[in-house]
Amino acid sequence: QVQLVESGGGLVQPGGSLRLSCAASGSIYSIDVMGWYRQAPGKQRELVARRTRNGAINYADSVKGRFTISGDNAKKMVYLQMNSLKPEDTAVYYCNADGVTTVVGRSVLAYWGQGTQVTVSS
């Protein structure tokens, strides 16, 4: 089985910073893409940032210049450094892993973490 465990969410004031971490565990050989999505109340889930195993990175326009995604393929971890946080960043943030190859083969399913709440408020 594959499990994603997230940490780092919390309450922060506007302009503050948080660092989210996600660790993938299980009998994993490799992961093609790991990333972060978020969902605010009444909104659809949206991509925040993603990183491929070769280091290619994509960001949502709304977070460019403020958020930085990084990862460690060997450790099967991904991070999201969130700076200059705004109230509109408030959402549940989910870790995602796609193209996961395990001891029984390549999974056709993407994996998701449980979600971690990020609240930006005075």
Side-chain angles (χ1 to χ4, degrees):
Q1 297 112 295
V2 175
Q3 184 178 14
L4 303 181
V5 179
E6 299 156 310
S7 62
L11 174 64
V12 66
Q13 295 185 46
S17 297
L18 287 172
R19 187 173 190 252
L20 306 183
S21 299
C22 174
S25 63
S27 53
I28 299 170
Y29 286 134
S30 63
I31 302 171
D32 289 346
V33 183
M34 294 188 75
W36 294 92
Y37 291 71
R38 68 186 182 187
Q39 188 166 24
K43 305 285 187 178
Q44 292 199 119
R45 188 174 298 187
E46 65 173 349
L47 173 70
V48 177
R50 62 186 173 193
R51 176 188 180 274
T52 71
R53 66 188 306 270
N54 71 0
I57 293 170
N58 295 102
Y59 293 102
D61 288 342
S62 60
V63 308
K64 287 180 180 177
R66 300 189 297 121
F67 292 8
T68 303
I69 190 170
S70 60
D72 187 319
N73 294 339
K75 295 180 180 178
K76 300 175 179 61
M77 296 191 70
V78 67
Y79 310 92
L80 187 68
Q81 179 65 47
M82 309 164 69
N83 298 326
S84 302
L85 283 161
K86 305 174 180 179
E88 50 263 46
D89 294 317
T90 296
V92 177
Y93 285 69
Y94 298 91
C95 181
N96 170 268
D98 207 354
V100 180
T101 300
T102 72
V103 293
V104 296
R106 188 176 185 273
S107 177
V108 299
L109 301 175
Y111 295 89
W112 295 89
Q114 78 285 358
T116 184
Q117 177 70 48
V118 172
T119 302
V120 185
S121 176
S122 299

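Remember, predicted model here, so these are calculated numbers, not experimental data.
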* To do: Over all heavy atoms of both residues, which pair between R66 and D89 is shortest? Give the atoms and the distance, please.
  => NH1-OD2, 2.7 Å

* Neighbour count above 12 (heavy atom, 6.0 Å) for Q1 CD -> no

* Looking only at atom types and distance, does a side-chain atom of E6 sit under 3.5 Å from a main-chain N or O of Q114, one as donor and one as acceptor? -> yes

* Structure fact -> Residues joined to L85 in its hydrophobic cluster, side chain to side chain under 4.5 Å directly or through other members, sorted by chain and number, are V2, L4, V12, L18, L20, I28, I31, M34, W36, V48, I57, Y59, V63, F67, I69, V78, L80, M82, Y93, V100, Y111, V118, V120

* Structure fact -> To the nearest 0.5 Å, atom CG of N58 lies from atom NZ of K64 at 8.0 Å

* **Heavy-atom pair with the smallest gap, counting every atom of Y79 and S21** => CD2-OG, 3.4 Å

* Structure fact -> Rounded to the nearest 0.5 angstrom, the OH-CZ distance for Y37 and R50 is 5.5 Å

* Structure fact -> All heavy atoms of R38 vs all of A91, minimum pair found to be CB-CB, 3.8 Å

* Asked: Is the backbone N or O of T68 less than 3.5 Å from a side-chain atom of Q81, with the two atoms forming a donor-acceptor pair by type?
  -> no

* Asked: Can you name the nearest heavy-atom pair linking Y94 to Q39, along with the distance?
  -> CE1-CB, 4.3 Å

* Just by modelled atom types, is the R53 backbone N or O under 3.5 Å from a matching donor or acceptor in the N73 side chain? -> yes

* Would you say L11 and T119 make side-chain contact, with heavy atoms under 4.5 Å? -> yes

